[in-house]
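Following: one structure in structure tokens, then a few remarks.
Nothing here was measured: the structure is a model prediction, and the numbers come from that model. Letters A, B, ... are given to chains in the order of the sequence lines, protein chains preceding strands, and every chain is numbered from 1.
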Amino acid sequence: MASRALLSRHSLPFFRFYSCYFPALFHFTPSPLRYIVYPFHRVQRIHLYCSLAHQQLDEIAQPELSCFNNTIHRLSHRRSFSEVLLVYVTILRNGHLPNGLTLPCILKACTALPALFFGCAVHAHIIRLGFEAATFIQNGVIVMYSRFGEISTAHKVFDLLSLRNVVSWTSIMSGYAQNGFPLEALHIFRTMRLDSPIIPDFIALVSVLKAYIDVGDLDQGRCVHGLVVKFGLEDEPDLLITLTSLYAKCGQVNTARSMFDQVFSPELILWNAMISGYAKNGHADEAVELFKKMVARKVRPDSITLRSAILACAQVGSLEAAKWIWEFVSNSELKDDVFVNTAIIDMYAKCGSVVLARRVFDNIPQKDVVVWSAMIMGYGLYGQGKEAISLFHEMIQSQVRPNDITFIGLLSACKHAGLVHDGRKYFYLMRNHGVEPRHQHYACLVDLLARAGHLEEAYEFIKGMPMAPEVTVWGALLNACRIHGQVELGKYAAERVFAIEPWNAGHYVQLSNIYASAGLWKDVARVRVLMRERGATKAMGFSSIEINGKLQSFYAGDKSHPRSKEILAMTDELERKLKKSGFLPHMDSVLHDLGPEEKELSLCNHSERIAMAYGLICTPPGTTLRITKNLRACVNCHSASKLISKLVEREIIVRDANRFHHFKDGFCTCGDYW
DNA sequence: TTAGGGTTAG
């Protein structure tokens, strides 16, 4: 048998040398003499399926190696990788030795399937056949081990390679990047530039750019862009895609867009890079607009495009846009894609329609843990804690195992609904389901306990945490101290929070509000000075409202809208109506130490009130108003909105930074718990 | 005549 003849030609020291470098190749074989045939010796009969390539082979009595190689290449081209491996076994059994044309294809098949066990054996064959210095073949070995996550083995192969070309360097570099080690990938690129005469080609530059995107280093990415220009590769379409992605992901969407616009007829992957870049950087409107443009140009979106566009719609919070994309998905071939459908559930939940989210959920035949978790999270956002819990039990009954995300959904649903008892119960049940609580779970429970007034219990719970409490934990305690007017504990929590995020003005505002409620004006002034000294800034609050599918945004005290006079008249009217029905403004919601009248004025100028007024003048009676706010709703606006919903007989749905508030007949679905 | 890369991540 040829394989045995081959083995006898090689010495044992050779085997020992390689076995210390690549133990995985040898651990399954009791004797080096057996290992080359090991994966195949049990294959008694080769089942040649009905492929034409095989039939042709069968017709030849004694096929030459070149015939086998032709067959392998044809099968590889058709991506019939299992059959490629079967032909390889046939080659060995027919007494042939694979050559330099056979092996790269076999490695590719092992990588694609994936078949690590088979791949290790093929690597052993490569060594035995004396191809250890064949760069072309060894590059394939590097890629194979990288794809299997065996990056250190891949690196050993790379180290032993005497002649490395640009593909060898790119293979090991991208291997590191793909295995989550972008810094190592960049180190390899630097070594290549400094220690070798190799000039990077466009694929090498794409790989290094990807690594810089992963570490978020725009400056270094720009340097690589300089190299691209230096090598005259700026028109290379694949580099344009990666450069667009670099600028988009690093927040430079305008630069990204100018690169995108250079291409007359962008291919799908470039559309995806730009749309997802917009969606990820808070430019949701542009993402949706670009997606519509793409559809109008008859470019067929794939699952990635749809997920990015759906994410953008979820961020916009526009139900009209959400319905539009859902209709688009329903008419596309991706209507049964479970990933796309889960994104739709998430989007509907975030756009304020838990009913539509549930409809999509019910239509998914095979629900995995993420589908269930998305729906549980949706109920939670909407304050429907009991529904979330009942869905959780349904999920368990369906034999789907919950994961840590499921419990974040469940606990935050309990939190939004104030279900303290249930929250506690499910937190301690997590381990029974094989899920170890992470920091986020602890933060959720602290928030739940503290909001409900169990401040001491929350504090004790924090002290017992097995990890260092982060800002979310102390922030939750601080917020609860504001709600319950706990000055001392609030002061302590604020100190912890300031130590972690001294630049975040929101925390200073919280402490200041605690002092203001207690009438400690000197302390209020002190916090304000501290805030200024540390250069803390607060995000400008704004609210958006969708009218006839078009979003209109307003800042606090905004007078820039062309219909500003009418809006002002409506806010005044609302204020009059509120006063007439006995509404007392919550002065604590104002940080500034203003006089009572100025305070009132400042409160009714909050952005959501202006958006509401605009909605009222633009829509017929009875229309539901849908408002999105970038910050949390303040106590005053929340109370006023409840009453306004009754006074003007409208349903008002407000999505704040945290959750939904559905105001109807003087009540809110959150039950004043947020 | 066969290798390496880029879009996402519910």
Side-chain angles (χ1 to χ4, degrees), chain A residues 66 69-70 72-74 76-77 84 98-109 111 134-144 146-147 154 158 164-175 177-178 185 188 198 200-211 213-214 236-246 248-249 256 260 266-277 279-280 301-311 314 334 337-347 349-350 360-361 364 367-375 377-378 403 405 409:
Chain A
S66 58
N69 282 347
N70 281 339
I72 281 177
H73 286 131
R74 269 206 298 276
S76 177
H77 193 71
V84 167
N99 65 11
L101 294 178
T102 326
L103 291 162
C105 259
I106 305 303
L107 286 169
K108 188 178 169 185
T111 309
T135 307
F136 206 103
I137 295 171
Q138 295 292 6
N139 288 345
V141 178
I142 294 171
V143 172
M144 182 190 76
S146 300
R147 297 278 163 84
F158 176 79
R164 297 165 192 154
N165 62 14
V166 70
V167 179
S168 325
W169 286 95
T170 311
S171 302
I172 190 65
M173 181 167 66
S174 55
Q178 285 160 1
I188 301 228
I198 305 281
D201 63 0
F202 79 96
I203 297 182
L205 291 173
V206 162
S207 308
V208 72
L209 273 170
K210 174 71 170 64
I213 292 173
D214 289 346
E236 178 59 56
D238 296 347
L239 266 168
L240 257 170
I241 291 167
T242 317
L243 283 168
T244 305
S245 177
L246 165 81
K249 279 197 180 154
F260 176 86
E267 57 177 301
L268 177 64
I269 202 163
L270 181 57
W271 287 99
N272 287 352
M274 196 62 233
I275 293 170
S276 71
K280 279 278 176 70
D302 66 358
S303 163
I304 294 173
T305 333
L306 288 179
R307 271 136 73 184
S308 302
I310 293 166
L311 174 73
L334 289 156
D337 184 305
V338 73
F339 279 70
V340 171
N341 277 302
T342 315
I344 296 269
I345 292 174
D346 180 64
M347 172 188 72
K350 285 180 179 153
V360 177
F361 174 84
I364 301 178
K367 300 177 186 69
D368 68 7
V369 60
V370 193
V371 175
W372 288 96
S373 304
M375 195 62 232
M377 191 77 88
N403 64 15
I405 308 288

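- Under the side-chain hydrogen bond (donor to acceptor under 3.5 Å, both in side chains) criterion, A:Asn70 pairs with no residue at all, not counting sequence neighbours.
- The aromatic ring of A:Phe136 is stacked on the base of B:dA3, with the two ring centres less than 5.5 Å apart and the planes inclined by under 30°.
- When rounded to the nearest whole Å, the span between CD1 of A:Ile198 and P of B:dG4 equals 17 Å.
- Side-chain contact between A:Val206 and A:Ile241: absent, with no pair of heavy atoms (C-beta onward) separated by less than 4.5 Å.
- When distances run from any side-chain atom of A:Val371 to the nucleotides B:dG6, B:dT7, B:dG10, the shortest one goes to B:dG10.
- For the pair A:Trp271 CH2 and B:dG6 C1', the computed distance is 18 Å after rounding to whole Å.
- At a threshold of 4.5 Å between non-hydrogen side-chain atoms, the residues A:Ser276 and A:Ile304 do not count as touching.
- Contact between the side-chain N/O atoms of A:Ser276 and the OP1/OP2 oxygens of B:dT8 is found at a separation under 4.0 Å.
- Checking B:dT2, B:dG4, B:dG10 against every side-chain atom of A:Arg147, the shortest atom distance belongs to B:dG4.
- In this model, a side-chain donor or acceptor of A:Thr170 finds a partner on the base of B:dG4 within 3.5 Å.
- Each of B:dG6, B:dG10, B:dT7 was ranked by its minimum atom distance to the side chain of A:Ala343; first place goes to B:dG10.
- A:Asn69 comes within 4.0 angstrom of no nucleic acid atom, judged by non-hydrogen atoms across all strands.
- For the pair A:Asp346 CG and B:dG10 C1', the interatomic distance rounds to 7 Å; values are reported in whole Å.
- Distances were taken from every side-chain heavy atom of A:Pro104 (C-beta onward) to each of B:dT2, B:dG10, B:dT7; the shortest belongs to B:dT2.
- Remark: A:Lys249 is in phosphate contact with B:dT8, judged by side-chain N or O atoms under 4.0 Å from OP1 or OP2.
- Across the protein-nucleic acid pair, A:Leu270 atom CG and B:dT8 atom P stand 12 Å apart, rounded to whole Å.
- When the P atom of B:dA9 is taken as reference, atom CG of A:Leu306 falls 12 Å away, rounded to whole Å.
- As rounded to whole Å, 12 Å separates atom C1' of B:dG6 from atom CG of A:Leu268.
- One interatomic measurement links the two molecules: CG of A:Leu246 to P of B:dT7, which rounds to 11 Å at whole-angstrom precision.
- Between B:dT7, B:dG4, B:dA3, one nucleotide has an atom nearer to the side chain of A:Asn165 than all others, and that is B:dA3.
- Atom pair A:Ile203:CD1 and B:dG6:P shows a separation of 10 Å (rounding to whole Å applied).
- Note that CD of A:Gln138 is 12.0 Å distant from CG of A:Asn165, once rounded to the nearest 0.5 Å.
- Applying the 4.0 Å criterion to OP1 and OP2 of B:dT2, one finds that A:Lys108 has every side-chain N and O outside that range.
- Side-chain proximity of A:His73 to B:dT7, B:dA3, B:dT2: nearest is B:dT2.
- Between A:Asn341 and A:Val371 the shortest side-chain heavy-atom distance does not fall below 4.5 Å.
- Of all nucleotides listed (B:dA9, B:dA3, B:dT1), B:dA9 comes nearest to the side chain of A:Lys280.
- No hydrogens or angles were tested; on distance alone, a donor-acceptor pair under 3.5 Å links the side chain of A:Asp368 to the base of B:dG10.
- Residues meeting the side-chain hydrogen bond (donor to acceptor under 3.5 Å, both in side chains) test with A:Ser66, sequence neighbours left out: none.
- Among the nucleotides B:dT7, B:dA9, B:dT1, the one closest to the side chain of A:Arg307 is B:dA9.
- Of the candidates B:dT7, B:dG4, B:dG10, B:dT7 carries the atom nearest the A:Ile269 side chain, counting heavy atoms from C-beta on.
- Comparing B:dT7, B:dG6, B:dG10 by their closest approach to the side chain of A:Ala273 singles out B:dT7.
- Heavy atoms of A:Val143 sit under 4.0 angstrom from primed sugar atoms or phosphate atoms, though from no base atom.
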